[in-house]
Number of protein chains: 2
Amino acid sequence: MIDEANDTIDRDSYEPAYAQLVRILRRQIATGVFRPGDRLPSEAQLCERYGVSPMTVRRVINILADQGVVVAEQGRGTFVKPLELGTAIFDLDRLQQLFRDESQSQVKLLEVRIVPATERTARKLAIEVGERTIFIRRLIFQGENPMLLHREYVLYDPTRPIIEAEMEVTSLRGLFMGGNESALKWGDLAIDATVLTDDEATLLHSEVGAAAFRLEHIFYDFDNRPVSWGWFICPGDRLRFTAKVGIHDQETNNP
Amino acid sequence: MIDEANDTIDRDSYEPAYAQLVRILRRQIATGVFRPGDRLPSEAQLCERYGVSPMTVRRVINILADQGVVVAEQGRGTFVKPLELGTAIFDLDRLQQLFRDESQSQVKLLEVRIVPATERTARKLAIEVGERTIFIRRLIFQGENPMLLHREYVLYDPTRPIIEAEMEVTSLRGLFMGGNESALKWGDLAIDATVLTDDEATLLHSEVGAAAFRLEHIFYDFDNRPVSWGWFICPGDRLRFTAKVGIHDQETNNP
DNA sequence: ATTATACACTGATATAGAGAAGTCATTTGA
DNA sequence: TCAAATGACTTCTCTATATCAGTGTATAAT
């Protein structure tokens, strides 16, 4: 099973030695040469086997370790991690794609108003009830079809230049693509399951009571103060979050 | 702003030098010393500034790079990454906790049957329509309350020992916690938004039409053949996926 | 003025090796 | 017989050094 030709480091290759070794070991794990719970060869053995220095092997093990493929225990060895559902990682790629291609998606501003903060808004934005906030409602289209409904409360602060930027249709793209040089530092996100209300269904060309995702967000500035709070609504039949767990033998996806 | 005492590597500390430097740089980015788009000091400068070797700085930069905090460009420098929504990572921690404490959660087997594969099942499991599969229905409780409904189709193969293990109530825990030495290599996961059907609502003590998550899974063995396909149903008011984007100054969460 | 070259600076990769610290089986001593 | 000490492993951290490869700028030649 172990093919010598495919398990040797090619020093003339463009691909660095450490990357080759990562690939080789991942492949061996993926093909069952090393199975969950097994101990990998020691670092010294790997050095000799592949003709690389200890530091290079060290680096490889580190990479595999924080890829979650193996776990190294000092004094005992390096072991292949069993499959864990909890380590699944869901990302927002699909949502991101919406904003990647500007020609196929557009943002329609439905409403911009200055409103006093309600109890809930005040709590989320860490301000007093009644303080002024900017309420924004947007509808995001993919092609001809409405895809997302966005509601957002932004802190009203005339000294901040964010406000105008927030009202621009392109600001959303900035948030998703990272093109903005904004004062935003970090944010909290949460995904809920919900059903469409009357007006949501109308705007999104869907039906009342249809399943939907609710993606809530709070963004903070460099002083750790909330700047904006809002959420996206997306009908469940138009979005799906996917992930992979375990090793998926990147290259050779032969059936 | 830069406090010398907090920006020095303590060689007597238990915390390794590279970890300290990661923390220091993250903190400086989080507090706005370096802002998105800024260039970090060069590696040589960091060596001199903190009194560590180039390899150590190299390691620090690498760590920050695959944490997504910075991006290094050969010949130009290392730059602080702007906030990107798309990089948000949602995990299944909440679901994992369900199985962590066995005393507070239990699995009730509702149904186990051998059924011929329907068109959809056959497609998912890459088998022929009519081939035998094992259909399993489970209800997972947290304390006294039903939390998850699980449906699963497992490949019927007498030579495989998985089947019996799958029927054990503890097998689920194994999947989530990684305790099993199984023949499973990897899996595909997907999260949908849906609404509860009649029987789902009854079993989960909820209401028909209530918002719910649907977590679908397919697991594969070392030959890349599907072994099982199924999904969890969880009412939306009992589960929430959360994530953080950007830098969140891990330690100092002072308001 | 324009183009081509050389050089300094950046990160990227890799080597060799030392010492620390954890684990485990064996040996030694009471 | 039991417990402590030993030694052989393991991974972990870090230093020091070297070479390669991009990037940009200043300088020299055209």
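Note on naming: letters A, B, ... go to the chains in the order of the sequence lines (proteins, then strands), and numbering restarts at 1 for each one. Atoms considered below: every heavy atom in the structure, side chains included; atoms not considered: hydrogens, waters and symmetry mates.
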Is there a side-chain polar atom (N or O) of A:T56 under 4.0 Å from OP1 or OP2 of C:dA14?
no
inquiry  = Could you check whether any side-chain heavy atom of B:V80 comes within less than 4.5 Å of a side-chain heavy atom of B:L40, counting everything from C-beta outward?
reply    = yes
- prompt: Can you find a side-chain donor-acceptor pair between A:Y50 and A:D7 that sits under 3.5 Å?
  reply: no
Taking the side chain as every heavy atom from C-beta outward, state whether A:F219 and A:D188 have any pair of such atoms under 4.5 Å apart. no
Check: Hey, what's the ring geometry for B:H150 with B:H217, parallel, tilted or perpendicular (30° and 60° as the breaks)?
Finding: tilted
Rounded to whole Å, the CZ-P distance (A:R39 to D:dC9) equals 12 Å
Pairing donors with acceptors under 3.5 angstrom, does anything connect the side chains of B:Q67 and B:R26? yes
Taken to the nearest whole Å, CG/B:L46 to P/D:dT15 is 14 Å
Practice item. Please lay out, stage by stage, how B:I140 and B:F232 fare under the test side chain to side chain contact (heavy atoms under 4.5 Å, CB included). Key: CA-CA 10 Å; B:I140 295 108; B:F232 296 88; 4.2 Å; yes
Whole-Å distance, A:E43 CD to C:dA21 C1', equals 14 Å
Whole-Å distance, B:M55 CE to D:dA18 P, equals 15 Å
Here the distance between atom P of D:dT13 and atom OH of B:Y50, to the nearest Å, is 20 Å
inquiry  = Tell me whether the side-chain N/O atoms of A:T78 come closer than 4.0 Å to OP1 or OP2 in D:dT10.
reply    = no
**Report entry** Donor-acceptor side-chain pairing of A:D192 and A:W231 below 3.5 angstrom
**Finding:** no
Sequence neighbours excluded, the answer for ring-ring contact (aromatic ring centres under 6.0 Å, His included) partners of A:F241 is A:F213
From CG of A:N62 across to P of D:dC14 the rounded distance in Å is 12 Å
Under a 4.0 Å heavy-atom cutoff, the residues of residues 11-22 of chain A touching DNA chain D are none
Closer than 4.0 Å, any side-chain N/O of B:S53 to the OP1 or OP2 of D:dT17?
no
Rounded to whole Å, CZ of A:R59 lies from C1' of D:dT11 at a distance of 18 Å
Sorted by number, residues from residues 68-77 of chain B placing a heavy atom under 4.0 Å from DNA chain C are B:A72, B:E73, B:Q74, B:G75, B:G77
* To do: Would you check if there is a donor-acceptor pair between the side chains of B:W229 and B:E216 at a distance under 3.5 Å?
  => yes
